[in-house]
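One-based numbering, in listed order, for ligands and for the atoms of each. Excluded from the calculations below are hydrogen atoms, water molecules and symmetry mates; all remaining heavy atoms, backbone and side chain alike, are included.
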Amino acid sequence: MPGTKLITIERHILEQQARFPHATGEFTSLLYDIALAAKLISRETNRAGLANILGKAGTQNVQGEQQELLDVYANQIIVRMLNHTGRVCIMASEEDPDPIFIPATYKRGNYVVLFDPLDGSSNIDYNVSVGTIFSIHRHVTPDLYDCGLPDLLQPGRRLVAAGYIVYGSSTMMVYSAGNGVAGFTLDPSVGEFLLSHEEIRAPDNPKYYSVNQGYERFWLEAVRQYVKWITGMKEDEPRKALSARYIGSMVSDFHRNLIAGGIFLYPADTRDKARPMGKLRLNYECAPLAYIMEQAGGAASDGIHRILDIVPQSLHQRTPFFCGNKDLVAKMEEYFQHYNPEWVEALQERVQLVT
Ligand code: AHM
Ligand code: MG
């Protein structure tokens, strides 16, 4: 297409930086480091199908070397890419129980990074898309050498940027730094992410709903009624039915719904001792995706509160998650008030909000 500009992710990040006259380039370089980590993880996920021939992850290869599990590999790549650059002061990963501190020998920078290195990794064996999710905050502890939990436990609305990489039929990186959402597709032959989706907006006309319907018997009444409604089966509230799509790999489910329009649901589970707050993690999965969805004009809620207003109380805190088209999320909240007011009350007690 003559005349159409080809924009690399680096160019795009630099153009964004130009909006801030006092920017030092630290943040720009951090995003670029993440893009580079994504390329390495992408290379390995693309080779995953060869595991049976070349040696399966978690086993020894013919040289007697231990093959790394892909999620362990992805985790290490991100840590090793970011911990020595002088741009980050502390990190946390869904794979690690504790914060990841920067080794004493390296300089520290202004940014705090939280990530899920390989979300949906149980799908890897079946050649199903997986993803990486990341969040970036500014540090709040005045001395960079004292950074700790208060820097990591910031509410989503304070995010400076968030993004994800989906390792699908192509590898795509989607991110927002607070000025809309842009998507880049990796050209593997040259190893560059090229701008493919300039301004992603959540469509007004949703097409899909995504939920693990196998858990229906454990759902609260509000969720059961909602899914009845969304599939056009509620006689008192007729509507056009949405189609079901559930990959079980949230980045992929989220990505499709972001582009095509829809809602993703991962509700709390009413089983004894099971998942009273659902499965998904607020810090590594829900807050960053909520940020992107809001930047694209959508919404994200735990069924009662805006996800970005929740102040995390612990690193691996879980939350119910309803994310997508604004009207569909609002309707879910309405249903909770109507069908499960006792749950609304219980959740209000559990969750701390930005004051
Ligand atoms: P993970 O972080 O252990 O990979 O789990 C998160 C994944 C999400 O990608 C996905 O939406 C969800 O688990 C699927 O869970 P379920 O099989 O319970 O529907
Ligand atoms: Mg995960």
Check: Considering only heavy atoms, does Phe264 approach ligand 1 within less than 4.0 Å through its side chain, its backbone, both, or neither?
Finding: side chain

Note to self: Is Tyr284 close enough to touch ligand 1? Criterion: a residue heavy atom under 4.0 Å from a ligand atom.
What the structure shows: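 No, that is not the case, since the closest heavy atom of the residue is not under 4.0 Å from the ligand.
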
Notebook entry, point to check: Name the one of Tyr246, Phe264, Tyr164 that satisfies ring-ring contact (aromatic ring centres under 6.0 Å, His included) with Phe254?
Noted result: Tyr164

Check: If you measure only the distance, is there a donor-acceptor pair under 3.5 Å linking the side chains of Asn110 and Glu26?
Finding: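 A pair is found: one side chain offers a donor N or O, the other an acceptor, under 3.5 Å apart.
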
Check: Under 3.5 Å, is there a donor-acceptor pair between the Asn325 and Asp204 side chains?
Finding: no

Notebook entry, point to check: Which pair of non-hydrogen atoms, one from Ala182 and one from Ile200, has the smallest distance, and what is that distance?
Noted result: C-CD1, 4.2 Å

Next item on the list: Indicate the atoms forming the closest heavy-atom contact of Arg158 with Val140, along with that distance.
Entry: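 Answer, listing the atom of Arg158 first, then Val140: NH1-CG1, 4.2 Å.
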
Checklist line | Angle, OE2 of Glu285 through the Mg ion (ligand 2) to OD2 of Asp116 - 10° precision | finding: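 So the angle at the metal works out to 100°.
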
Margin query: Rounding to 10°, state the angle centred on the Mg ion (ligand 2) that links OD1 in Asp119 with OE2 in Glu94.
Written below: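 Reported to 10°, the angle equals 150°.
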
Please determine if [X] and [Y] form a salt bridge, counting it only when a charged side-chain N lies under 4.0 Å from a carboxylate O.
X      : Y      : value
Arg245 : Asp253 : no
Asp309 : Arg157 : yes
Glu198 : Lys5   : no

Item checked: Trp343 vs Ile304 side-chain heavy atoms within contact, under 4.5 Å ->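 Yes, their side chains come closer than 4.5 Å.
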
Next item on the list: Using heavy-atom distances, let me know which of Lys279, Arg281, Gln213 sits nearest atom 7 (C) of ligand 1.
Entry: Lys279

[atom]: nearest protein contact (heavy atom, Å):
atom                    : result
atom 19 (O) of ligand 1 : Tyr246 OH, 2.5 Å
atom 11 (O) of ligand 1 : Met250 CB, 3.4 Å
atom 4 (O) of ligand 1  : Gly120 N, 2.7 Å
atom 3 (O) of ligand 1  : Glu94 OE1, 4.2 Å
atom 18 (O) of ligand 1 : Tyr266 OH, 2.6 Å
atom 1 (P) of ligand 1  : Asp119 OD1, 3.7 Å

Which ligand 1 atoms, with their elements, are less than 4.0 angstrom from a heavy-atom of [X]?
X      : value
Asp116 : 2 (O)
Glu285 : 2 (O), 6 (C)
Ser121 : 4 (O)
Ser249 : 9 (O)
Gly248 : 9 (O), 10 (C), 14 (C)

Notebook entry, point to check: When the ring planes of Tyr175 and Phe184 are compared, do they come out parallel, tilted or perpendicular, using 30° and 60° as the limits?
Noted result: parallel

